[in-house]
Protein chains: 2
Amino acid sequence: MLDAGAIKRSLKGGGLRCTPQRYAVMAFLMEYHGHPTAAEIYKAVNLVDPRSSRATTYNNLRDLVRAGLVREVAVEGRAARFDAKGIRHHHFICDRCGNVEDLAWFDVPRPASRTLGKRVLRECELIFRGLCTKCAPRRASR
Amino acid sequence: MLDAGAIKRSLKGGGLRCTPQRYAVMAFLMEYHGHPTAAEIYKAVNLVDPRSSRATTYNNLRDLVRAGLVREVAVEGRAARFDAKGIRHHHFICDRCGNVEDLAWFDVPRPASRTLGKRVLRECELIFRGLCTKCAPRRASR
DNA sequence: ATTTCATATTAGATATATTCCAGTTTTATG
DNA sequence: CATAAAACTGGAATATATCTAATATGAAAT
Ligand SMILES: [Mn+2]
Ligand SMILES: [Mn+2]
Ligand SMILES: [Zn+2]
Ligand SMILES: [Zn+2]
């Protein structure tokens, strides 16, 4: 479905104006199941009107990440990838093709408060690495 | 101390020739306690002879990561950072200054093999985020 | 409905990070 | 020492992301 009112409200909640360009980025991330790069998002939202510039796409992604609505996943050597922070989940990143996949959430033990010291903990991110379903067999058979 | 023979052996073990440039990168990462960028490593190893080119520094870091001797930490929007894979540990990355800090290792539960499916799991990486000791107080008092 | 202005958008330039290239040098082996 | 695979080099090229400054717009207040 994709409730337009809900998106609008969540933008407002994050202190962000609801502009067509920003709405388009958020809506795209919410309905697209995957982890697109900024370039892919830019392209996708521009398939439909109105046109959004590259700078605006980057600006909006930055703002949405700051507002806690979107997560940015840094992948070594490649462009950053994004997903809407819907249900909590972990990630699996393929060594070979770089694909980012969702894994069901499970709780992660926090570090002992002694080891944290004066640091302020906001969140934790658990990334599993290896070969994805598509890459695993061909690597094994080589 | 930094055992030259040990470094040489670990390079050979990873199927890598021991060249002065590659040795310098590995030795630097082993004695330096921190998470330098490729540019910082390039600069550091060139303070002493022999001179290493930028391309070679990148090539060697890539090879060392592939050989499992070095870990690459991707930080969103910034240059990748590297550390020698000595003792297992987790990372804490500061939201504000981007600094990467080591946290004592503790075991992380693996995802159920049912959820992994045909994926081949190699390792897991746990990253904690928030404000580092230096950034925490000033943010709190603002 | 109109005014207002902080916020957002734009195209293009710029900055930063990383990889590629093709010719030369070096390492490790026998 | 001869050999061949691997590694090195500087510079060009590519990829990614941010900046700039002029213009436009959302939404709150009238
Ligand atoms: Mn995800
Ligand atoms: Mn580390
Ligand atoms: Zn894959
Ligand atoms: Zn900090």
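All chains are named by letter (A, B, ...) in the order of the sequence lines, taking the proteins before the strands, and each is independently numbered beginning at 1. Remember, it's a predicted structure, so these values are computed and weren't measured experimentally.
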Do B:Asn46 side-chain atoms and B:Ser52 backbone N/O form a donor-acceptor pair below 3.5 Å? yes
Short side-chain to backbone donor-acceptor contact, A:His90 and A:Phe106, under 3.5 Å: yes
Is it true that B:Arg88 and B:Glu123 make a salt bridge, defined as a side-chain N closer than 4.0 Å to a carboxylate O? no
Would you say a side-chain N or O of A:Ser52 is under 4.0 Å from OP1 or OP2 of C:dT10? yes
Round to the nearest Å and state the distance from B:Glu40 atom CD to C:dT18 atom P. 11 Å
Does the side chain of A:Arg22 come within less than 4.5 Å of A:Arg17's, by heavy atoms? yes
Roughly how many Å is it from OH in A:Tyr23 to C1' in D:dT25, rounded to a whole number? 18 Å
Do the side chain of B:Arg54 and the base of C:dT18 come within less than 3.5 angstrom through a donor-acceptor pair of N or O atoms? yes
Would you say the side chain of B:Val70 lies within less than 4.5 Å of the side chain of B:Val25, judging by non-hydrogen atoms? no
Rounded to whole angstrom units, what separation is found between the NZ atom of A:Lys43 and the C1' atom of D:dT16? 16 Å
Short side-chain N/O contact to C:dT10 OP1/OP2 from A:Gln21, under 4.0 Å: yes
Whole angstrom is fine here: how far is it from CZ in A:Arg66 over to C1' in D:dT18? 12 Å
Quick one: label B:Pro20 by what it contacts on the DNA or RNA (base, sugar-phosphate, nothing), any heavy atom closer than 4.0 Å. sugar-phosphate
Close N or O pairs between protein and nucleotides 27-30 of chain D (under 3.5 Å):
residue: D:dA27; atom: OP1; partner: A:Cys18; partner atom: N; Å: 3.1

I need the CG-C1' distance between B:Asn60 and C:dT18, as an integer number of Å. 15 Å
If the helix axis at each end comes from five base pairs, how far does the helix from C:dA1-D:dT30 to C:dG30-D:dC1 deviate from straight, to 10°? 50°
From the options D:dA17, D:dT9, C:dT9, select the nucleotide whose nearest atom is closest to the side chain of A:Tyr58. D:dA17
Note: A:Arg119 and B:Cys132 closest approach over all heavy atoms is CG-CA, 4.2 Å
Between D:dT9 atom C1' and B:Asn46 atom CG, what is the distance in whole Å? 12 Å
Inspect the contact between A:Arg71 and B:Glu76 and indicate whether a charged nitrogen and a carboxylate oxygen are less than 4.0 angstrom apart. no
Send over the distance from B:Arg81 CZ to C:dT18 C1', rounded to a whole Å. 16 Å
Let me know the distance between CG of A:Asn59 and P of C:dT7, rounded to the nearest Å. 14 Å
Would you please name every residue forming a salt bridge (charged side-chain N to carboxylate O under 4.0 Å, His left out) with B:Arg122, sequence neighbours left out? A:Asp95
Any side-chain N or O of A:Arg22 less than 4.0 Å from the OP1 or OP2 oxygen of C:dA8? yes
Could you tell me if the side chain of A:Leu29 sits less than 4.5 Å from the side chain of A:Met26, heavy atoms only? no
Counting side-chain heavy atoms from C-beta on, which of C:dT9, C:dA17, D:dG10 comes nearest to B:Ala79? C:dA17
Using a cut-off of 4.0 Å on non-hydrogen atoms, how would the nucleic acid contact of B:Arg51 be classed: base, sugar-phosphate, or nothing? sugar-phosphate
Minimum-distance nucleotide (side-chain atoms of B:Ala55 versus D:dG10, C:dT9, C:dA17): D:dG10
For A:Arg62, report the nucleic acid contact type (base, sugar-phosphate, nothing); a contact means any heavy atom under 4.0 Å. nothing
Need one value for B:Ala39: base, sugar-phosphate or nothing, where a base atom within 4.0 Å counts as base even if backbone is also close, heavy atoms only. nothing
Looking at A:Arg81 and A:Glu72, is there a salt bridge between them, counting it only when a charged N and a carboxylate O are closer than 4.0 Å? no
Between A:Tyr42 and A:Asp63, who's closer to the 5' end of DNA chain C by nearest nucleotide? A:Asp63
